[in-house]
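Data block below; observations after.
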Amino acid sequence: MTTMPMSASPTRSTRPLLMRPAISLARREVTRFLRQKSRIVGAVGTPLLFWLVIGSGLRNSFRMPAVGGGMNYLQYAFPGTVVLILLFTAIFSMISVIEDRREGFLQAVLVAPVSRTAIVLGKVLGTTALAVGQAGLFLVLARLAGVPIGVVSFVAAFGVLILLGLALSGLGLLIAWPLNSTQGFHAVMNLLLMPMWLMSGAFFPADGASRWMGTLMKLNPLTYGVALLRHAMYFGASEQPGHLPSPLLCLVVTVGFAALMLFVATRLVQRSG
Amino acid sequence: MAHETCESEPETSDDVAAPTFERQDAAGSESTGDPVVVTESLTRSYDSRVALDAVNLTVARGSLFGLLGPNGGGKTTLFRILSTLLTPDSGSIKVAGFDAVSQRHAVRQRIGVVFQSPSLDGQLTVAENLEHQGHLYGLSGRTLLARVAEVLERFSVLDRADDRVSILSGGLARRVEVAKAMLHQPEVLILDEPGTGLDPRARAAMMDELMRVRDEGGVTVLLTTHLMDEAGCCDTLGILDEGRLITTDSPAALKRLVGGEVVSITTPNPEAFATAVSKRFDTKAAVVGGLVRIERDRGHEFVPELVEAFPGDVDSVTVGHPTLADVFVHLTGHGLYEERTQDEGT
């Protein structure tokens with residue numbers, strides 16, 4: 001048997017690879033996204049339209065309860081729209097997990113000598129980069145919406161976006177991982193993710209809601225994320241964004257939410273060997 | 001019936017296929033020179049159904065080995081265990097010297113896997129797909145780029161390096177799949193039904209590539225198939241049916257198991273006809289896939305007798321040398337393409 005001259009054999013590490021595969025997987029997410037124009041339109045266009053139509057429609061019928069002062073509905077709904085962009089991107093990423101599984105792509109990653117954590121990290125980092133990129137772009141428009149955002153508050157808000165992006169990508173991954181059809185995911189989106197967003201204070205404040213709704217909103221971790229973003233965007237501003245949980249509580253809950261989602265997603269993926 | 005392209009070629013004729021390891025495999029001998037895959041009593045069930053039943057498989061290093069069987073026969077389960085995606089219920093499996101369950105990581109470094117469904121990302125170019133693959137296997141930088149160019153060149157797809165995978169033809173995309181699986185220089189290349197979805201020409205080209213992989217790199221190629229043309233190209237075939245490995249031998253040796261020639265008869269009432277023929281000629285006539293099938297020495301001389309004995313009952317008769325499909329019927333009593341009662345879980 002003749003052996004063909006080949007380049008030197010690859011060095012084989014004794015431990016499953018982590019960072020290089022993770023970064024490569026994350027980069028693939030971004031490249032794919034940028035090459036699918038319809039996804040960009042869907043992920044940014046839908047929330048934008050949502051915000052303009054509902055915001056403009058409710059502008060005069062909506063009065064901020066209690067504090068909030070002169071805030072109109074377009075201003076009120078702005079941070080919620082930013083969070084909706086994050087959520088939509090996480091959802092799109094979720095579909096790609098299911099597609100990757102149905103195609104052989106994910107299987108090929110699973111038979112490679114990579115740590116299962118690398119798969120989670122790659123997916124989550126890629127999704128977060130996309131989500132934060134788009135939401136951040138939208139955040140630049142905040143001044144047009146009348147939100148008095150400055151450099152410091154922009155940077156603070158950007159940090160919150162990263163934190164929320166990690167949490168929602170992790171949540172997306174752990175929902176998508178066990179699903180084997182995109183149909184199942186539509187149910188999850190309508191029954192879990194959209195209500196979670198609607199009841200996060202993104203769409204209406206807890207103050208004016210009925211009692212049981214107010215309780216649900218208090219239990220919803222995303223409520224604290226949206227509130228944290230409001231705190232960040234209005235950081236140092238003279239106007240305040242209305243009745244919100246304290247910044248510290250918001251930060252603790254959001255960090256906890258992100259950590260829990262990433263932990264559970266990692267455990268879930270590790271179970272697949 | 002598909003053509004068995006490799007049969008006419010000298011590579012798999014008796015004299016060449018005969019020496020060394022294949023024969024020892026066939027005998028189930030323990031003393032096989034250098035086996036690269038060894039399973040012992042490998043068993044796996046899905047719920048109550050046994051998908052693999054105590055399979056003892058030995059694959060010689062540097063051979064082109066085919067697992068032949070119908071859909072639902074256990075091929076996919078064995079493929080998934082070999083590629084470390086599934087763990088067996090009991091029994092042991094060693095791939096390239098490592099335990100495929102407890103030393104999964106080491107096995108993963110040494111196998112290249114081609115799945116039935118495409119694993120290339122259609123949105124990325126051919127080169128980007130391979131670079132990504134390299135990152136998964138710890139390659140990077142200039143070493144990786146050089147290796148990607150080398151492997152694309154070797155599989156004659158270097159000129160398509162910057163094309164997106166989504167615009168490639170089916171045959172070309174499958175070739176890139178193989179190139180991708182060979183990027184990290186695996187010792188064993190495992191493919192699940194590599195010819196499925198390809199036209200016969202593309203399939204023949206694919207088998208040529210796989211024989212080249214075996215010859216030039218000394219790589220062991222292990223594939224699952226239910227297609228005769230692919231099976232005919234293998235050095236050794238393992239016949240897998242209803243979860244059991246029935247036999248292992250070279251295609252030529254397997255065909256010798258079937259005596260003489262195979263006579264197939266189309267008739268309006270096959271069951272009754274088979275019974276009548278069995279009685280009249282003291283031979284074993286069976287109904288397989290709607291045809292009456294008789295294995296017989298000097299089959300061509302038997303045809304006139306048969307037709308005269310049952311005038312009007314015979315719509316058509318064919319006589320042929322045994323094919324691998326005949327071998328399968330001979331060994332299992334049923335056809336390779338007959339619907340099995342249960343689907344294989346995935």
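Chain naming here is simple, since letters A, B, ... match the order of the sequence lines and numbering starts at 1 in each. Quick caveat: nothing in here was measured; it's all calculated off a predicted structure.
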With a 4.5 Å heavy-atom cut-off, do [X] and [Y] have their side chains touching?
X: E103(A); Y: S117(B); result: no
X: H135(B); Y: I23(A); result: no
X: V111(A); Y: L85(B); result: yes
X: R80(B); Y: Q107(A); result: yes
X: R20(A); Y: L139(B); result: no

For R110(B), which atoms come within 4.5 Å of any heavy atom of chain A: side chain, backbone, both, or neither?
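Both backbone and side chain.
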Which portion of E128(B) sits near chain A, non-hydrogen atoms under 4.5 angstrom:
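Just its side chain gets close to chain A.
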Can you tell me how far [atom2] of [Y] sits from [atom1] of [X], rounded to the nearest 0.5 angstrom?
X: L124(B); Y: R27(A); atom1: CG; atom2: CZ; result: 10.0 Å
X: L110(A); Y: R108(B); atom1: CG; atom2: CZ; result: 7.5 Å
X: D121(B); Y: D100(A); atom1: CG; atom2: CG; result: 7.0 Å

Please report the shortest heavy-atom distance between [X] and [Y], naming the atom on each side.
X: F115(B); Y: G104(A); result: CD1-O, 4.4 Å
X: Q123(B); Y: R35(A); result: O-NH1, 2.9 Å
X: A112(A); Y: L136(B); result: CB-CB, 4.0 Å

Most contacts with chain B, counted as non-hydrogen pairs under 4.5 angstrom, among A22(A), S24(A), P21(A)
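Among A22(A), S24(A), P21(A), the one with the most close pairs to chain B is S24(A).
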List the atom pairs, with distances to 0.1 Å, where a side-chain N or O of residues 160-167 of chain A and a protein N or O form a donor-acceptor pair under 3.5 Å, not counting sequence neighbours.
none

Within residues 90-101 of chain B, contacts to chain A at heavy-atom distances under 4.5 Å involve none
Please flag which part of L25(A) lies under 4.5 Å from any non-hydrogen atom of chain B: side chain, backbone, both or neither.
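Answer is both: backbone and side chain atoms of L25(A) are under 4.5 Å from chain B.
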